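Atoms within each ligand, like the ligands themselves, are counted from 1 in listed order. Predicted model, so just to flag it, every value in this text is computed and none were measured.
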Amino acid sequence: MTLWFVRGLRRGVVTTRYPARPDASAAQLPTPPSFRRNALDRAVADRLAAICPSHALRVEPDTLVFDVGACTACGRCQDAAPGAVARSGTFELAATSRDDLVKRIPLTPEAGQ
Ligand code: SF4
């Protein structure tokens with residue numbers, strides 16, 4: 001512990017400049033999914049909701065409800081339906097209201113997969 005303290009005093013700040021500047025390593029981080037509306041039908045939505053381990057996805061009539069606040073960015077949904085789900089690339093998801101983290105995605109009838 002003392003060694004790190006002394007090293008810090010000698011070298012100064014060695015952390016990244018984030019959030020003042022984007023950090024290049026952010027491109028490698030797992031991120032919540034984004035959904036392609038045209039490829040999301042009821043069958044695909046049901047499949048995605050069934051495999052989501054954190055229950056971030058649920059299906060209501062004609063709508064896929066995505067709770068971004070519950071998503072762990074595990075990637076299972078993208079693996080299950082790569083034509084309908086993609087990596088969003090966004091990890092800065094702070095919101096002042098919990099409701100702002102819940103997205104409602106209309107389903108497309110017979111989108112196919
Ligand atoms: S990335 Fe994982 S936790 Fe997030 S919605 Fe997809 S399956 Fe659920």
Side-chain angles (χ1 to χ4, degrees):
M1 182 72 155
T2 305
L3 173 67
W4 287 106
F5 178 74
V6 172
R7 183 178 287 181
L9 287 177
R10 216 177 319 149
R11 293 184 176 178
V13 176
V14 293
T15 57
T16 68
R17 301 287 181 211
Y18 179 84
R21 292 187 209 150
D23 193 308
S25 65
Q28 308 303 317
L29 294 173
T31 59
S34 61
F35 298 91
R36 296 184 182 101
R37 269 184 69 176
N38 293 343
L40 264 183
D41 62 14
R42 179 65 192 244
V44 173
D46 283 341
R47 187 156 36 103
L48 295 176
I51 60 138
C52 179
S54 63
H55 306 289
L57 298 171
R58 73 172 192 275
V59 180
E60 292 181 353
D62 304 323
T63 306
L64 177 66
V65 181
F66 176 35
D67 183 348
V68 184
C71 176
T72 61
C74 70
R76 286 187 189 180
C77 54
Q78 186 179 349
D79 292 344
V85 187
R87 182 178 177 273
S88 69
T90 301
F91 64 91
E92 294 174 320
L93 300 166
T96 55
S97 168
R98 182 74 178 84
D99 291 343
D100 291 342
L101 294 173
V102 179
K103 311 297 180 192
R104 303 180 67 80
I105 304 143
L107 300 178
T108 300
E110 301 173 25
Q113 174 57 31

Criterion salt bridge (Lys or Arg N to Asp or Glu O under 4.0 Å) on Asp67 and Arg98, from CA distance to verdict = CA-CA 9 Å; Asp67 183 348; Arg98 182 74 178 84; 2.8 Å; yes
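- Residue-ligand proximity, Phe66 to ligand 1, at heavy-atom distances under 4.0 Å covers atoms 5 (S).
- Among protein atoms, those of element N, O or S found less than 2.8 Å away from atom 6 (Fe) of ligand 1 are Cys77 SG.
- Using the six-membered ring where Trp is involved, Phe66 and Phe35 have ring planes that are perpendicular, over 60° apart on the 30 and 60° scheme.
- A heavy-atom distance below 4.5 Å is not found between the side chains of Val65 and Lys103.
- Between Thr31 and Thr90 the shortest side-chain heavy-atom distance does not fall below 4.5 Å.
- A distance-only check finds no donor-acceptor pair linking the side chain of Thr63 to the backbone of Pro106 [under 3.5 Å].
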In residues 71-80, what donor-acceptor pairs under 3.5 Å come from side-chain atoms, sequence neighbours left out?
none

